[in-house]
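I have placed the structure first, in the form of structure tokens, so that the comments after it can refer back to it.
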Amino acid sequence: MKIWIDITNTPHVNTLMPIIRHLEAQGHELIYTARDFSETLPLLSKHGIKPIVYGKYKGKSRVKKVMGLLQRMWMLLFDLPKFDLAFSLGGNYTSFIAWLRGKKSIVFSDNDISFKVFSFAMGSYFIFPFYFKYQKIQNKYRIKDSQIRTFQGFKEDIYIADFQPNPTFLNQLPFKDFITIRPENLKASYVPKDSKTIVPALFEVFKDENILFLPRYEEEKKLAEGYDNIWYPEHPLSGLDVCYNTKAMLTGAGTFAREAALLGVPAVSFFPSEVFLTVDEVMQEMGIEFKSRNANDIKNYVANAIKRPASTERSKQVLAEVLNIIDQIIIEVEKQKTNTPEKI
């Protein structure tokens, strides 16, 4: 089967790679497309994947984002090779293009904050973590129960399952004992307008700690100026190796926090909103992720938090479950396949 896989953001790469390798092993023909955003293309290249690149980051302006979305959809609609099934995280592009072409799509999502109208309104199958409270979305977009598959874990389990710590990872850093800070993505459309970073405040309260700083954008590097205890890499580091080795993970979003929490590392999210993804809310209820935008409260949490032994056994079970779900959907789509030509 020809399966189109669209990769539009850096965190998608890690999640999709175990699925991609599985589909390759099953003998499916894979068509890769990607958006030129953040570290997405370098990471894909690192995994030996050369996608067709459509579109790039358009900045924080909502008008420019919408224009970029429509422009990319136009390019995909008329330039993308033929496919039988579309798959992506989020699904805005794949669901819409597949729907227009009369093809099926799989939407993998744990996000109920970002713009997902095309995804939920036009997707064919939906794979959600069990902890994702999707019922409100299901009712809003009239998604049938038969379209939904759930798995007993978190999205991050999928790639944590195969994680093997790199024994030479610490050789890339100027220190071995450190905490990690990743800024908020203030340019993202899902972040409230006029949000401000608390990274400078965190730098102040953690003056006595070595800090691995992972800026998202070039201009954020200036925040570290004047501090001898702060270091940032010039090239992308392995996110899971960072989580595995750090004393604590402090991030302005959710992915790094969830990765760290699942590896037993004290995890803090200082996401600039009262509204969190439901998967983050579940982790906070479980007591493995801490949320706060108060630098002193974060410092106190880190000082008293205990790092747990890392284990990937549960994640391996989650990965096997997800791959089985995808295989079953593919079998279902193959049975439904007809010789009806594509609409466009």
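Heads up: numbering here begins at 1 and tracks the sequence.
Here the side chain of Arg182 pairs no donor or acceptor atom with the backbone of Ala253 at under 3.5 angstrom. With Lys307 contributing its side chain and Tyr244 its backbone, the two residues share a donor-acceptor pair below 3.5 Å. In terms of modelled atom types and a separation under 3.5 Å, the side chain of Arg308 and the main chain of Ala261 share a donor-acceptor contact. Side-chain atoms of Ser88 never come within 3.5 Å of backbone atoms of Ile5 as a donor-acceptor pair (strictly under, hydrogens ignored). Between the side chain of Asn324 and the backbone N or O of Ala320, no donor-acceptor pair lies under 3.5 Å. Using modelled atom types, one side-chain atom of Thr10 and one backbone atom of Glu39 make a donor-acceptor pair closer than 3.5 Å. Side-chain atoms of Ser315 never come within 3.5 Å of backbone atoms of Ala161 as a donor-acceptor pair (strictly under, hydrogens ignored). A donor-acceptor pair under 3.5 Å is absent between the side-chain atoms of Ser292 and the main chain of Asp297, judged by distance alone. Glu289 places no side-chain N or O within 3.5 Å of a backbone atom of Ala260 that could act as its donor or acceptor partner. Thr312 places no side-chain N or O within donor-acceptor distance of the main-chain N or O of Ile160, the cut-off being under 3.5 Å.
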Exercise. Does the pair Phe154 and Asp110 meet the rule for a side-chain contact (heavy atoms from CB on, under 4.5 Å), with working shown?
Worked result: CA-CA 8 Å; Phe154 296 91; Asp110 64 351; over 6 Å; no
For this session: Take Leu323 and Ile19 through the side-chain contact (heavy atoms from CB on, under 4.5 Å) test and state the conclusion after the steps.
Result: CA-CA 7 Å; Leu323 296 179; Ile19 296 171; 4.2 Å; yes
Exercise. Would Asp145 and Gln138 count as a side chain to side chain donor-acceptor pair (under 3.5 Å) if you check the C-alpha gap in whole Å, the side-chain angles of each, and the deciding distance to 0.1 Å?
Worked result: CA-CA 8 Å; Asp145 288 338; Gln138 181 181 10; 2.6 Å; yes
For this session: Begin with the C-alpha distance, continue with both residues' side-chain angles, and end with the deciding distance and a verdict on side-chain contact (heavy atoms from CB on, under 4.5 Å) for Tyr93 and Thr33.
Result: CA-CA 11 Å; Tyr93 296 102; Thr33 58; over 6 Å; no
For this session: Could you go through the side-chain contact (heavy atoms from CB on, under 4.5 Å) check for Thr40 and Arg35 one step at a time?
Result: CA-CA 7 Å; Thr40 305; Arg35 182 176 61 137; over 6 Å; no
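Proximity of Trp74 to Gln71: side-chain heavy atoms (C-beta onward) are nowhere separated by under 4.5 Å. Looking at heavy atoms from C-beta onward, Glu184 lies in side-chain contact with Ile198 at the 4.5 angstrom threshold. Side-chain contact check for Glu321 versus Gln317: every heavy-atom pair is 4.5 Å or farther apart. At a threshold of 4.5 Å between non-hydrogen side-chain atoms, the residues Val333 and Tyr125 count as touching. Put simply, the side chain of His47 reaches to within 4.5 Å of the side chain of Arg21, judged on heavy atoms. Residues Val117 and Tyr141 have side chains in contact (heavy-atom distance under 4.5 Å, counting atoms from C-beta outward). In this structure, Phe37 and Asn9 have side chains that are in contact, with non-hydrogen atoms separated by less than 4.5 Å. Between Lys247 and Pro266 there is no side-chain heavy-atom pair separated by less than 4.5 Å.
Counting heavy atoms of neighbouring residues, nucleotides and ligands inside a 6.0 Å radius, atom CZ of Phe130 does not exceed 12 of them. Sparse packing is recorded around CD of Glu218, with 12 or fewer heavy atoms of other residues, nucleotides or ligands lying under 6.0 Å away. Within 6.0 Å of atom CG in Asp208, 12 or fewer heavy atoms from other residues, nucleotides or ligands are found, so the atom counts as exposed in its surroundings. Other residues, nucleotides and ligands contribute more than 12 heavy atoms inside 6.0 Å of the CD atom of Gln135. With a 6.0 Å radius and a threshold of 12 heavy atoms from other residues, nucleotides or ligands, Lys316 has its NZ atom above the threshold. Residue-environment remark: CG (Asp228) stays at or below the threshold of 12 foreign heavy atoms within 6.0 Å.
Smallest separation of non-hydrogen atoms from Ala248 and Val265: CA-CG1, 4.0 Å. Heavy-atom minimum distance, Leu85 versus Met1: CB-SD, 3.9 Å. Looking at every heavy atom in both residues, Arg149 comes nearest to Gln147 through NH1-C, 3.8 Å. Closest non-hydrogen pair, Asn304 versus Asn300, comes out as ND2-O, 2.8 Å. Considering every non-hydrogen atom in both Ile97 and Trp4, the closest pair reads CB-CZ3, 3.8 Å. In terms of heavy atoms, Asn166 sits closest to Gln172 at ND2-NE2, 4.5 Å.
Between Tyr301 and Phe290, the angle of the ring planes stays under 30°, which puts this pair in the parallel group of the 30/60° scheme. Using bins of under 30°, 30° to 60° and over 60° for the plane-to-plane angle, the ring pair Phe213/Tyr232 lands in the perpendicular bin. Phe132 and Tyr134 have tilted rings, their planes meeting at an angle from 30° to 60° on a 0 to 90° scale.
Of the inter-residue distances, the one linking Met283 atom CE with Thr278 atom OG1 reads 11.5 Å to the nearest 0.5 angstrom. In this structure, CG in Leu262 is found 11.0 Å from OG in Ser311, a value given to the nearest 0.5 Å. The distance from the CD1 atom of Ile230 to the CZ atom of Phe206 is 11.5 Å, given to the nearest 0.5 Å. Here OH of Tyr54 is found 3.5 Å from CG of Asp79. Values are rounded to the nearest 0.5 Å. Atom CG of Asn210 and atom OG1 of Thr246 lie 10.0 Å apart (nearest 0.5 Å). Taken to the nearest 0.5 Å, the CD atom of Glu29 stands 4.5 Å off from the NZ atom of Lys2.
Under the side-chain contact (heavy atoms from CB on, under 4.5 Å) rule, Lys155 has a single partner from Val318, Val279, Thr15, which is Thr15.
Electrostatic pairing of Glu234 and Lys221 counts as a salt bridge here, judged by a charged N lying under 4.0 Å from a carboxylate O. The pair Lys104-Glu332 does not count as a salt bridge, with every side-chain nitrogen at least 4.0 angstrom from each carboxylate oxygen. Salt-bridge check for Glu225 with Lys222: failed, with every basic side-chain N at 4.0 Å or more from each acidic carboxylate O.
Following chains of ILVMFWY side-chain contacts shorter than 4.5 Å, one cannot reach Ile179 starting from Phe256, and the two form parts of different hydrophobic clusters. The cluster map of Ile, Leu, Val, Met, Phe, Trp and Tyr, joined by side-chain heavy atoms under 4.5 Å apart, puts Leu202 and Val191 in different clusters. When the side chains of ILVMFWY residues are joined at heavy-atom separations under 4.5 Å, either directly or via intervening members, Ile3 and Met122 end up in two distinct hydrophobic clusters. Connection of Phe151 to Phe126 is not established within any shared hydrophobic cluster, with ILVMFWY side chains joined at heavy-atom distances below 4.5 Å, either directly or through further cluster members. Cluster annotation: Leu16 is connected to Leu43 through the hydrophobic network of ILVMFWY side chains, with a link wherever side-chain heavy atoms come within less than 4.5 Å.
Asn185 and Tyr217 share a side-chain donor-acceptor pair at under 3.5 Å. Between the side chains of Ser109 and Asn111, no donor-acceptor pair of N or O atoms lies under 3.5 Å.
Taking the six-membered ring for Trp and the full ring otherwise, the centers of Phe203 and Tyr227 sit less than 6.0 Å from each other.
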